[in-house]
Student: 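Pasting in a structure now, in C-alpha cells, and then I'll have a few things to ask.
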Number of protein chains: 2
Amino acid sequence: MNKYKLLLVVSLAAIIAMVAMTVSIAGKKNERGVINSSPVVKADGVEARNEVWREHFPRQYDSWKKTSENDKIIDMIKEKPQLAILWAGYGFAKDYNAPRGHFYALQSNQNTLRTGAPVDEKTGPMPTACWACKSPDVPRVMEEVGIEEYFTGKWAKYGDEIANSIGCADCHDSATANLTISRPYLRVALEYNGVDLDSITHQDMRSLVCAQCHSEYYFKKTKWTDKQGVEKTAAIVTFPWEGKMTAEDMENYYNDREFKDWTHKISKTPMLKAQHPGYEIYKTGIHARRNVACADCHMPYKQEGSVKFTDHHIRSPLENIANTCLTCHRESEQELKDVVNRKLERKEQLMEITMDNIAKAHLEAGKAWELGATQSDMSPIQADIRSSQWTWDYSIASHGSFYHAPEETLRLLSVANEKAQQARLKLVRVLAKYGAIDYMAPDFSTKEKAQKLAGVPFEKLAAEKMKFKNTLLKAWTEAAIANDKLVPSIREGMSDNVSYPKN
Amino acid sequence: MNKYKLLLVVSLAAIIAMVAMTVSIAGKKNERGVINSSPVVKADGVEARNEVWREHFPRQYDSWKKTSENDKIIDMIKEKPQLAILWAGYGFAKDYNAPRGHFYALQSNQNTLRTGAPVDEKTGPMPTACWACKSPDVPRVMEEVGIEEYFTGKWAKYGDEIANSIGCADCHDSATANLTISRPYLRVALEYNGVDLDSITHQDMRSLVCAQCHSEYYFKKTKWTDKQGVEKTAAIVTFPWEGKMTAEDMENYYNDREFKDWTHKISKTPMLKAQHPGYEIYKTGIHARRNVACADCHMPYKQEGSVKFTDHHIRSPLENIANTCLTCHRESEQELKDVVNRKLERKEQLMEITMDNIAKAHLEAGKAWELGATQSDMSPIQADIRSSQWTWDYSIASHGSFYHAPEETLRLLSVANEKAQQARLKLVRVLAKYGAIDYMAPDFSTKEKAQKLAGVPFEKLAAEKMKFKNTLLKAWTEAAIANDKLVPSIREGMSDNVSYPKN
C-alpha cells in the first residue's frame, strides 16, 4: 500500500507542477502579447508626458527613469578654467557642466546661467531654439504651432509648454510606438544628403534617433511670413551637413556663409561654437563602420522574466560592460577598461596642450588690440584662431569622441593645436611691432581668474537666475500642471539643483 | 558477359586508385616526416649560408627568396626633402631609401652613402656595429671572435666576413632549427627587464626574433681589454629599454646619459636619431595586446600539398590579406584596405606638418647662431628641438607604426609638433633680439635645395662610393667566395643596384 501511496503522491505532485508550468507559460505568453503589441499611446499628435507611456511600457519607463541616477553636477569651468577664456563673450563662459542623465536635461537647461533670467515671455538672451533638444514637448508644440512659428521668439515664450525632460516621444511615434525622427532638422539634413527617409533600416534608426540631438547644428536666421501676413524672423536649428560631414567640411560650410556664433570678447574673432557632433564623429570610427548602433552599446537588450526589452537606462557602456562590450569582445572587463582608459589619457594629453595654446592666442590677440594693432595685422591671426578653436571644439564637444573615433579625435586635436601655434607665431611678430615682444598671457589657472579675464559677472548672473527660478520658473511649472501638460509626480523628490556650483 | 567485363574493369580501376592513394599517402607521410624532423644544419656554431639551409628547408628558403621581389628603390629624400634638413650633419641626410626586402638588406647597407667609401679595413665613417642587423654572418663572427671584439673597429673590418643577407640563422638555431635570439643586445635588454629567456613562449618568439633588429638601439661606447691586455673601445649595439619602453622613457634614458647621436649641422643641437622602434610601437597597439605575433601577419602559415609551413616571404599583410587579416577579421579585402588607408592618411597629414615645423626650427636656429645668438639664448630652444625630433622620429621611423599603433603614432606626432612650435615661438624672440624678426626659413622643397642647405656634397660622395664598389667591395665578395663563406649562385642575376638614385 505504501508503494501505491507514494506513486499517487508523486503523480499528484507532477500534475500540480505541470499545471503550474502551464499557467506560468500562459501568463508569460499573455505578458509577451501585451508587450509585443503596439498599443496606441495617442492616436493623433505627440504624447509628451512620459508617465502616460509608462502605462504601456513599464519596463522601458522604469529603466529610462534610472537616468536620474546620473545626477552629479561637475563644473567643467572649475575643472578646465581655460574654457572661460576660449568662450569669452559667449554663454558657455558663464556656466558649463558635464551633462547629467536625460532625466535632468530640461532642469539643466532651465538652471544654466546660459539661458539667463527672463522676466516674461519676451525677455532673456536665448531663442526658442534652445529648448529644441530638451523635451518631447518640442515636437508636440511644433505640431501645434508649425515649425517656423516654433523657432520664432525668445526661449521664455514656451516656458509653460516645455515641461517634460527628454523621454519617450523624442524617439517614438505616439500612435505606433515605432522609432521615429521627431525633429525636422535631421529629416531635412538627411534628405539633403539623398537619404530616402522611408527606407531607413531599423538598425540605422537605432542611431538616428540619437543623432537628432547628438549632432552639430547652428541657428539659421530665416525670414518668413505668418498667416496674418506678419513678417517674422526665425532662428531655425539647422545641420551643416553637406558632403562628407567632416570637421573640415563643416568649417567650409560656415566659412562659405560667413557665419559666426559670436564675436570673441578678448581676441574679437568671429567664432564658431561646435555643438555636440557625436553622431558625425561616431561615423568616422570603427564601430560605425561595423554598423554597431548607438543603442547597441548605450541601450543594450535586457531580459526580465520572459521578456526581452531595450534597456532605456542610457549611460556609458563602461558601467555595463557585461551586457555591451562583452557581447562582441571576448576580453575581461578590466582589459577593456584599460584599453579605453589609455585612449582617454591620450586625448586628455593633446586636449590640454591645445586648450592652453588657444587660450593664450586669444589673450595675446587681446593684448595686440589693446596696443593698437590694426584689423589687417589681426585678420590672418583671427582666421587661425577661428579655425583652431572650431577644430578643437568639434573634436571633443561630443560625448566620448575619444572612444567613438580615437584616431579622428587625436588628428583633429593635433590640427587644432598646429593652428593655434600658427596664430601665436604671428602674434609674437605683431606684439613686437607694438613694443610688447615679451608679453606673456596672464594666469588663467582657476575659474575665478579665467572668468574675470573673460569679463563674466558671475555673482550678478547667479543672483538674477535665482530670482527667475523663484518667480517665472515656478509659474511655468504650475501652469504646466494646471494645463495637464506635466504629471506632477515626476518632480517629486527631485532636488532643485542649480547647475552652477557657487564659485 | 558484358556485365562481368564491366564489373572487372571497374574493380581493377578501383584497385589501382586505392594503390595510388596508398602510395600517395605514404609519400606524403614520408615528406611530412622529413619536414617535421629537425635536421642538424650545423652541429656547432652558426651556418650563415642560406643555401645550406635550403637543402633541409626548401619551402622556407624559396619563400624567403621571394623577398627579392621587393626590389624597388624609393629615394625618401627625394620624396620628403625635409629629411635632409632634419638630419643635417648626420649620415641619413646623405642618402635614405625606403627599405627593400630582406634579400637586399646587405646590398643596401654596402651601397648606401651612409657607410661611405673605405679604402681598407681601417677607414670609413662607420663602426662594425653597422653590420649588426644585416646578416647571419654577424652572429657567426660574434661566436668566433667574441662580442666585444666584434663591436670594435671600423665597418670595413668585416667586409669579407659579412657576406649573406638577412636569412635563416638570424632567427633559427643551426643545430636545432628552433627559433632563437641570435643577437646579444636583445638578450641583455630582456634580462634587464626581468624576462627569463628560457621561459619565452613560442608565440612570443615569433615576435622577438623580429625585435632583434626592429627595435630602438644606440651604440654604447664601452672600454674593454682583450686577451693580449690591449685596451680597446667598442661601440656596442644597446637597447635603451628601461621601464615601460615608451618614447618618453627612452628619451629620459638618453637625457640621463647626456647621450647624443650627432650634433646638428644647422641648429648645433645635440640630437638623437630614433632607429626603428617597430617592436616597441607595436607593443602599444591592439594587435600586441591580443598577442598577435609579427609572424602571424607578416609570415602566415601556408599549405603546399600535405605540408603546412610558415611563409618566409616577409611582406606587408596588405599584399596577402586573404591569408593574414581575413583569418581573424570577417570583412572584404577592400573594406580592410580602406580602413588602413584612412589610418595612413591621418599619419601622413600630421607627419608633414611636424616635419615642416622641425625643419623650420633648425633653419631659424641656424640663422640665430649666424646673427650672434649665445648658448644661453639657444639652450631652451635646442632642448625643444632635440625632444621634438626624437619624438617625431620615434613615431614614424619603424615600418607601419601608423598601422601597428595608430593612436600612439598620432599622439607622438602631435607632441612632437607642439615641441617644434614651442621652439619656433622662442626663436622668433631670439631672432628679434638680433634684428631678424621677419626671418623666413629658405625653401627646402626639393632634394637638391635641402641637401645644399644641409651641406651634403652629394656628387663627391657618390663618386667615392662608386670607386669603393669597383675596388674594395669586389675584393670582399671574391674573398668571401674563396673562403667558402658565400655561395656565389645567390648573387646571380642580382643587379648591382646603387641605393642612391642620381640627384
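Within every chain, numbering begins at 1; the chains are lettered A, B, ... in the order of the sequence lines, protein sequences first and strands thereafter.
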Student: Would you check, one step at a time, whether the test side chain to side chain contact (heavy atoms under 4.5 Å, CB included) holds for B/R290 with A/E335?
Tutor: CA-CA 10 Å; B/R290 299 288 172 264; A/E335 162 66 6; 2.6 Å; yes
Student: Using a 3.5 Å distance criterion without hydrogens, assess whether the side chain of A/R429 forms a donor-acceptor pair with backbone atoms of B/I437.
Tutor: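 A pair under 3.5 Å: yes.
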Student: With a 4.5 angstrom heavy-atom cut-off, which part of B/K347 approaches chain A: side chain, backbone, both or neither?
Tutor: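 Neither the backbone nor the side chain of B/K347 comes within 4.5 Å of chain A.
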Student: Closest heavy-atom contact between B/L410 and A/R411?
Tutor: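 So the two residues come closest at CD1-N, 4.5 Å.
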Student: Taking 4.5 Å as the heavy-atom cut-off, does anything in residues 380-403 of chain A contact chain B, and if so which residues?
Tutor: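 Residues of residues 380-403 of chain A touching chain B at under 4.5 Å: none.
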Student: Salt bridge (Lys or Arg N to Asp or Glu O under 4.0 Å), that's the test. Do B/R342 and A/E407 meet it? Break it down for me.
Tutor: CA-CA 10 Å; B/R342 188 72 195 98; A/E407 295 166 34; over 6 Å; no
Student: State, without any angle test, whether B/Q421 and A/N357 hold a side-chain donor-acceptor pair at a distance under 3.5 Å.
Tutor: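 Distance-only check fails for B/Q421 and A/N357.
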Student: Between B/V415, B/L425, B/D438, which shows the greatest number of heavy-atom pairs under 4.5 Å with chain A?
Tutor: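 Result: the option with the highest number of such pairs is B/L425.
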Student: Please look at B/I353 and chain A and tell me whether the side chain, the backbone, both or neither of the residue comes under 4.5 angstrom of a heavy atom of that chain.
Tutor: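 Answer is side chain: those atoms of B/I353 sit under 4.5 Å from chain A.
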Student: Select one option (side chain, backbone, both, neither) describing which atoms of B/E408 are under 4.5 Å from chain A's heavy atoms.
Tutor: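 Looking at B/E408, backbone and side chain both touch chain A.
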Student: Do B/T354 and A/E418 come within less than 4.5 Å of each other through their side chains, counting heavy atoms only?
Tutor: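 No, their side chains stay 4.5 Å or more apart.
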Student: Does any heavy atom of chain A fall under 4.5 Å from the side chain of B/L427, the backbone, both, or neither of them?
Tutor: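 Neither; nothing under 4.5 Å.
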Student: Taking atom NZ as the centre, does B/K283 end up with more than 12 heavy-atom neighbours from other residues, nucleotides or ligands that are less than 6.0 angstrom away?
Tutor: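 Atom NZ in B/K283 is not crowded, with 12 or fewer foreign heavy atoms closer than 6.0 Å.
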Student: Roughly how far, to the nearest 0.5 Å, is OG1 of A/T284 from CZ of B/R346?
Tutor: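 Answer for the CZ-OG1 pair, B/R346 versus A/T284, is 5.5 Å.
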Student: Side chains of A/R289 and B/D338, heavy atoms from C-beta outward: is any pair under 4.5 Å?
Tutor: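 Counting from C-beta outward, A/R289 and B/D338 do come under 4.5 Å.
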Student: Quick one: pull up CG in B/N417 and CG in A/N417 and give me the separation to the nearest 0.5 Å.
Tutor: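 The CG atom of B/N417 sits 7.0 Å away from the CG atom of A/N417.
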Student: Please classify the contact between A/L350 and chain B as side chain, backbone, both or neither, with a heavy-atom cut-off of under 4.5 Å.
Tutor: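 For A/L350, side-chain heavy atoms alone lie under 4.5 Å from chain B.
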